[in-house]
K.L.:
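A single structure is presented below for examination.
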Protein chains: 2
Amino acid sequence: MKTMGEGANGAPRRGAGRNGMAVPGVGLRDVAQAVGVSTATVSRAINRPEVVSVELRERIAAVIADLGWIPDGAARALTTGRSQTIGAVFPTLGLGDFPRAANAIQRHLLAQGYTLLLACSEYDPEQEFRQVRKFAERGVDGVILVGLAHHPDLVPFLQQRKLPFISSFVFDSARPGRCVGPDNHKALVRMTDYLAELGHVRFAVIAQETENNDRAGARLAGIRDALAMRGLAVRPQHLAIGTWTIEEGRKLFAQVMDTDPRPTAIVCGNAPLAVGAILEAAARGVRVPEDVSIVGYDDIEIMSHLPVPVTTVRVPGEEIGLRAARLILDLVGGREPDYPLESEAEIVVRASSGPPPGEGPASPRLHPAG
Amino acid sequence: MKTMGEGANGAPRRGAGRNGMAVPGVGLRDVAQAVGVSTATVSRAINRPEVVSVELRERIAAVIADLGWIPDGAARALTTGRSQTIGAVFPTLGLGDFPRAANAIQRHLLAQGYTLLLACSEYDPEQEFRQVRKFAERGVDGVILVGLAHHPDLVPFLQQRKLPFISSFVFDSARPGRCVGPDNHKALVRMTDYLAELGHVRFAVIAQETENNDRAGARLAGIRDALAMRGLAVRPQHLAIGTWTIEEGRKLFAQVMDTDPRPTAIVCGNAPLAVGAILEAAARGVRVPEDVSIVGYDDIEIMSHLPVPVTTVRVPGEEIGLRAARLILDLVGGREPDYPLESEAEIVVRASSGPPPGEGPASPRLHPAG
DNA sequence: TTGTAAGCGTTATCAA
DNA sequence: TTGATAACGCTTACAA
């Protein structure tokens, strides 16, 4: 068993350069050597500059730039126990506000010196869990999730490892401080109330599967609860569950419209479904909102540009992303958030919603799709 | 100076548990101790199982599962010099095929045990460079870029560090083996030829800024070259440059249509611009394709569902993502790719394109927008 | 303000 | 097939 002997002898410690990471062959030691100081000093110069004399600090900076040295994140993570890395798992990147939020998260993290690890669950809890495990392996300092419904082992896993995590795109007053987003239930209560006040009583819902999607579930519950307050309910044949494509929206729209009695208002659970519904209505010659009102969820750009602009719930994806990033960083840093975590989900009223057809002088209903 | 003394004495080496990474307090050593073997053996059991006796391998696996140990990526990266991590910088996640491709990359990387670091450049070369430097710091094993136009220092930076990198969403026969994607120039030559053969001679183009976007530049050049072959050119007032929103598409459509003579065919440089153009045409009562043909780029779902389905260039984003992932992994592993790197960009003809209005019996042109 | 040297949790090189 | 142990490149007490 021999001693470490490292600074002691200028031994055959490092040749021209091993590969390793950053710049092949240039490490902290080389910088230190070039400047003529110890590695500790160089390290301090980057991490706590105020503690190093100005003159030295500048000399060090010059050499670092000159050599093009970049600190090795792995080594740094190993010693500090922090990777300066946050993992986020989204259901998908191709839907609604997710890309916007991902972008915002990434931007804020970068500004704070953090890097985002991004993964998709494809609405599969197993896959989500797998991604999170991978993140843990990569040593992320925190995890951003979407929604509250996860693999049963996921939360215990995170807790056991003392990994801070938050849920985004949801707000649940029961879990303050760990959620950022809108209250999905409340948002759809409002939307439903809005339609009910317009006079609608026959509601149809076309939405995503709620199995592994608590947000979709909360929205559906919001509709039901708001209707129940008025003694109303969605007829079974007026409830159509599917995926999140325009194609699907067309299909489900057709499905709920081919019923008797027809609904007078259709609430769509996500943006593509709403787009599909609007487009299918146009294709079938169903007038919106004269024959039927259609409302959506998520105010993506197309919503306001369709031939019939769509009344929808505006979820501030950008804001949610920013707050999610701030919150997880605060949690990682052991700080208490002092900003609002619930995002207002605003109802944006556009041309696609109006009073039901039977309103006022009982006008004969058209059946252009028949 | 003292000796390492580690296995020698069961010294006060590790208490109940430091924080560090993975599971607080359980490391490779703990597993080894629990099984009653050396750390080396446990390490081998995970990395080269075939070299460890079956009996032992199983015992080790059991203990690992039991203790919930997850190898520390930082430590692993430090010793191996590989982080099992790939960085990708996209211009944005909210446009065309990027989300799809990102998704595909991520999926393939995960399947190979890699993790994706994702960042956005927002079409800013400075920001792209910054992101790449961050990646280098994190020790990524390879980098996926979009396009060929970058910050002048970017490629030298990558090369100096011997970091493998590829360009996606482009194909340039001059740089075989480092690009995956469609030949943007060729795609628009084809599209332009298609329109020219329909009889069009007055072309308008509404497209993105080409400053930091070689792909947009290549597409524009494709249009110009194809026209030049026929002795044609885009009139200055028929060239409108902007961003990538539906709103912008409407505006630019209006702009090029408010000219005299009007174009008979409008080529849009990206999907939102095309959507905007189609929608604005509808709003203005301009008939498509009777009054004007409109074609786009990127076959996102909405393209085929608009009131007038859009003729467009279908870029196989999923395929590009998958190939990008394979290619960068092959480069990292020192393998030669044996699969095609150029993706066919197919022209999908839909209702938005047809012969120019003046064709055949010189019919009087309508000016419904006037 | 700077230097010394002990780790951080793995992998990998020898030997056994 | 397994074990002992020296790195890996950095940060951080502790000393000076």
Side-chain angles (χ1 to χ4, degrees), chain A residues 1-8 11-15 17-32 35-57 60 69-83 137 139, chain B residues 1-8 11-14 17-32 35-57 60 69-84 137 139:
Chain A
M1 193 185 297
K2 290 188 304 302
T3 67
M4 287 283 280
E6 162 184 27
R13 227 7 208 68
R14 50 195 353 258
R18 291 194 355 76
N19 58 343
M21 324 220 76
V23 193
V26 9
L28 182 53
R29 262 192 294 268
D30 304 84
V31 176
V35 182
V37 295
S38 73
T39 58
T41 302
V42 179
S43 177
R44 275 185 223 113
I46 1 171
N47 298 311
R48 293 135 50 43
E50 69 284 2
V51 93
V52 174
S53 76
V54 183
E55 184 264 343
L56 199 47
R57 203 191 305 170
I60 290 174
W69 173 70
I70 288 192
D72 180 327
R76 205 198 279 245
L78 190 55
T79 36
T80 60
R82 318 218 129 292
S83 64
E137 217 167 311
Chain B
M1 192 186 299
K2 290 188 303 303
T3 66
M4 287 282 281
E6 163 185 26
R13 219 24 198 64
R14 52 196 351 261
R18 288 191 1 76
N19 58 342
M21 326 220 74
V23 194
V26 12
L28 182 53
R29 261 191 297 267
D30 305 84
V31 176
V35 182
V37 295
S38 73
T39 59
T41 301
V42 178
S43 178
R44 275 185 223 111
I46 1 171
N47 299 309
R48 295 138 45 47
E50 70 282 3
V51 94
V52 173
S53 76
V54 183
E55 184 263 343
L56 200 48
R57 202 192 304 170
I60 290 175
W69 173 71
I70 288 193
D72 180 326
R76 208 200 280 248
L78 188 56
T79 37
T80 61
R82 316 218 130 292
S83 64
Q84 303 281 98
E137 216 168 309

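Naming: A, B, ... by sequence-line order, numbering from 1 per chain.
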K.L.:
Expressed as a whole number of angstroms, how long is the span from R57(B):CZ to dT2(D):C1'?
P.N.:
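R57(B) atom CZ is separated from dT2(D) atom C1' by 14 Å.
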K.L.:
With a 4.0 Å heavy-atom cut-off, tell me which residues in residues 43-53 of chain B come close to DNA chain D, sorted by residue number.
P.N.:
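When residues 43-53 of chain B is checked for heavy atoms under 4.0 Å from DNA chain D, the hits, listed by number, are R44(B), V51(B), V52(B), S53(B).
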K.L.:
Rounded to the nearest angstrom, tell me the gap between atom CG in D30(B) and atom P in dG9(C).
P.N.:
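Atom-to-atom, D30(B) to dG9(C), this comes out as 9 Å.
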K.L.:
In whole angstroms, how far is the C1' atom of dT12(D) from the CZ atom of R76(A)?
P.N.:
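After rounding, the gap between these two atoms is 13 Å.
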K.L.:
With a 4.5 Å cut-off on side-chain heavy atoms, are R57(A) and I60(A) touching?
P.N.:
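They are not in contact (no side-chain heavy atoms under 4.5 Å apart), so the answer is no.
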K.L.:
Do V35(A) and L56(A) make a side-chain contact, defined as non-hydrogen atoms from C-beta onward lying under 4.5 Å apart?
P.N.:
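Side chain of V35(A) against side chain of L56(A), heavy atoms only: contact under 4.5 Å found.
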K.L.:
Nearest whole angstrom, please: distance from the C1' of dT1(C) to the CD1 of I60(A).
P.N.:
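In whole Å, dT1(C) C1' and I60(A) CD1 are 11 Å from each other.
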K.L.:
Is there a side-chain contact between S38(A) and T41(A) in this structure, where contact means two heavy atoms from C-beta onward sitting under 4.5 Å apart?
P.N.:
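With C-beta onward as the side chain, the pair touches.
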K.L.:
Short question: side chain of S83(B), backbone of G139(B) - any donor-acceptor pair under 3.5 Å?
P.N.:
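Yes, because the side chain of S83(B) sits within donor-acceptor range (under 3.5 Å) of the backbone of G139(B).
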K.L.:
Are side-chain heavy atoms of N47(B) and R76(B) found at a separation under 4.5 Å?
P.N.:
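When only atoms from C-beta onward are counted, R76(B) and N47(B) do touch, with a gap below 4.5 Å.
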K.L.:
Could you check whether any side-chain heavy atom of L28(B) comes within less than 4.5 Å of a side-chain heavy atom of W69(B), counting everything from C-beta outward?
P.N.:
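L28(B) reaches W69(B) side chain to side chain.
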K.L.:
Can you work out whether T39(B) or T41(A) has the more 5'-proximal nearest nucleotide on DNA chain C?
P.N.:
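Going by which nucleotide is closer to the 5' end, it is T41(A).
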K.L.:
Look at S38(A) and dG3(C) and indicate whether a side-chain polar atom (N or O) is within less than 4.0 Å of OP1 or OP2.
P.N.:
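For S38(A), the contact criterion (side-chain N or O under 4.0 Å from OP1 or OP2 of dG3(C)) is met.
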K.L.:
Measure from CZ on R29(A) to P on dC10(D) and round the result to the nearest Å.
P.N.:
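Between P of dC10(D) and CZ of R29(A): 8 Å.
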K.L.:
Whole-Å distance between dG7(C) P and L78(A) CG?
P.N.:
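These atoms are roughly 14 Å apart.
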K.L.:
What's the CG-P distance between D72(B) and dC8(C), to the nearest Å?
P.N.:
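Spelled out: CG on D72(B) to P on dC8(C) is 12 Å.
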K.L.:
Using atom CG of L28(B) as one end and atom C1' of dT11(C) as the other, report the distance to the nearest whole Å.
P.N.:
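Distance, rounded to whole Å: 9 Å.
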